Amino acid sequence: MAAFTLAHLSDPHLPPLPTPRLRELMGKRALGYLNWTRNRHRYQRRDVLDALVSDMHGQSPDHVAITGDFVNLALETEFEPARAWLEGVGPPDRISIVPGNHDAYVRATRHRFAEKLGDYFGGDDASGNTFPSLRRRGPLALIGVSSAVPTPPLMATGWLGRSQLRALERLLSEISTEQLFRVLLIHHPLRSDARAKRLTDSGELCALLKQHGVDLVLHGHDHVHSTMWIDGPDRAIPAIGVPSASALAHGRYPAAAYNLFSIEREGNGWRCQQSVRGIGDDLVVRQLNTTRLI
Ligand SMILES: [Fe+2]
Ligand SMILES: [Fe+2]
């Protein structure tokens with residue numbers, strides 16, 4: 001059987017940012033808007049995102065995972081364009097998403113993500129659009145969790161919570177007897193040096209993964225290329241992060257890129273190869289490197 005190809009991109013922060021209404025700029029959004037108008041609009045670019053997605057379409061992946069931060073300030077007017085963009089990437093059965101902290105930026109609109117984009121993460125069963133979600137595609141079990149919670153200004157932490165962790169544990173134990181390549185999708189990285197940006201209950205999640213295992217973790221949030229290894233029950237689990245899908249290189253942040261994972265059965269286990277494709281200043285996307293992860 002041919003290898004299954006999973007593309008992963010993250011943090012599109014869909015540009016351009018619509019002009020907020022004055023009343024929307026109360027509180028946390030005021031700082032975020034200032035940051036956008038002063039800095040972010042220069043390096044979060046729609047032409048970059050379009051070039052990256054066009055290259056990804058050319059690679060014809062079997063499925064696409066997108067790990068959050070679709071919007072910027074979670075304004076009411078940001079969710080329709082996010083939906084339209086996602087439909088351009090592909091239909092809900094070919095794309096699996098989880099929310100990022102910017103998709104739940106403030107309490108007032110924290111439910112819009114599920115309302116507008118729920119069919120892009122809804123699970124295979126009829127249990128509704130909730131997390132954790134489970135989608136079976138080819139040999140894959142795509143398991144989505146939501147770490148997106150509104151936070152105080154200048155904070156970008158994530159949190160899963162005990163009930164979601166318990167449900168995740170049940171889900172992992174239910175599928176443990178099936179021959180599936182389990183991919184966990186989460187916005188926040190499982191380890192972070194930055195207190196203001198970390199997943200606050202990552203210790204609980206890592207303990208759960210050490211006991212039940214998954215085969216691959218995909219995340220965003222840090223906007224950099226990243227490979228971490230997390231303890232699993234019998235071997236280390238690769239956890240891979242990607243730069244923002246709309247970014248020009250700036251400061252310590254690399255230009256937009258996405259990963260292609262080629263996954264196939266090998267003997268009693270799996271073979272998983274990662275190819276990185278990134279954009280240059282000329283907006284041309286090139287293959288950067290290929291690594292065998294498993
Ligand atoms: Fe982000
Ligand atoms: Fe984020």
Side-chain angles (χ1 to χ4, degrees), residues 8-17 28-29 31-46 48-49 52-53 65-75 78-79 81-82 85-86 89 97-107 109-110 112-114 117 121 131 144-160 184-202 205 217-226 228 239-259 278-279:
H8 173 222
L9 56 101
S10 198
D11 296 74
H13 287 278
L14 196 70
L17 180 68
K28 183 181 176 185
R29 279 191 183 127
L31 275 178
Y33 186 59
L34 206 62
N35 188 19
W36 178 270
T37 50
R38 282 190 178 165
N39 302 307
R40 291 182 81 125
H41 77 279
R42 279 188 278 126
Y43 51 76
Q44 305 286 168
R45 294 234 316 242
R46 182 64 191 240
V48 171
L49 181 61
L52 199 77
V53 170
I66 311 177
T67 46
D69 281 356
F70 291 84
V71 299
N72 296 288
L73 305 180
L75 302 169
E78 282 188 280
F79 287 94
W85 173 75
L86 206 43
V89 181
I97 69 172
V98 292
N101 51 303
H102 281 260
D103 304 314
Y105 202 67
V106 292
R107 285 185 190 283
T109 53
R110 65 177 301 189
R112 292 287 177 269
F113 179 85
L117 309 175
F121 68 80
F131 293 106
V145 291
S146 172
S147 58
V149 284
T151 57
L154 304 176
M155 298 293 280
T157 46
W159 181 73
L160 296 170
L184 180 70
L185 308 178
I186 181 170
H187 179 66
H188 288 77
L190 273 54
R191 282 199 295 266
S192 176
D193 297 331
R195 278 191 71 77
K197 293 185 69 179
R198 76 196 207 282
L199 181 68
T200 52
D201 48 5
S202 65
L205 176 60
V217 178
L218 302 179
H219 69 85
H221 191 56
D222 282 347
H223 295 203
V224 294
H225 295 282
S226 165
M228 296 180 218
I240 310 291
V242 277
S244 160
S246 62
L248 288 173
H250 59 285
R252 70 182 186 87
Y253 297 100
Y258 69 97
N259 287 318
I279 201 160

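Predicted model only: the values in this text are computed from it and were never measured. Just follow the structure's listing: the first ligand is 1, and inside any ligand the first atom is 1. When a residue number appears, it is its place in the shown sequence, counting from 1.
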Side-chain donor or acceptor of His250 paired with backbone N/O of Leu248 under 3.5 Å
yes
Suppose we only count N/O/S atoms under 2.8 Å; would His102 qualify as near the Fe ion (ligand 1)? no
Original post:
Going by atom types only, do His219 and Ser10 share a side-chain donor-acceptor pair under 3.5 Å?
Top reply: no
Does the shortest distance from the Fe ion (ligand 2) to an N/O/S atom of Asp69 fall below 2.8 Å? yes
- Message: Would you say His187 and His102 are linked by a side-chain donor-acceptor pair, where the criterion is simply a distance under 3.5 Å?
- Response: no
* Asked: Strictly under 2.8 Å, is any N, O or S atom of His187 next to the Fe ion (ligand 1)?
  -> no
Atom name of the N, O or S atom of His221 nearest to the Fe ion (ligand 2) is ND1
Looking at Asp11, the N, O or S atom sitting nearest the Fe ion (ligand 1) is OD2
Worksheet item: Does the side chain of His13 come within less than 4.5 Å of Leu49's, by heavy atoms?
Response: no
I'd like to know if the Fe ion (ligand 2) has an N/O/S atom from His188 within less than 2.8 Å of it, counting both backbone and side-chain atoms. no
*Ignoring hydrogens and angles, state whether a donor on the side chain of His223 or Asp11 is under 3.5 Å from an acceptor on the partner side chain.*
yes
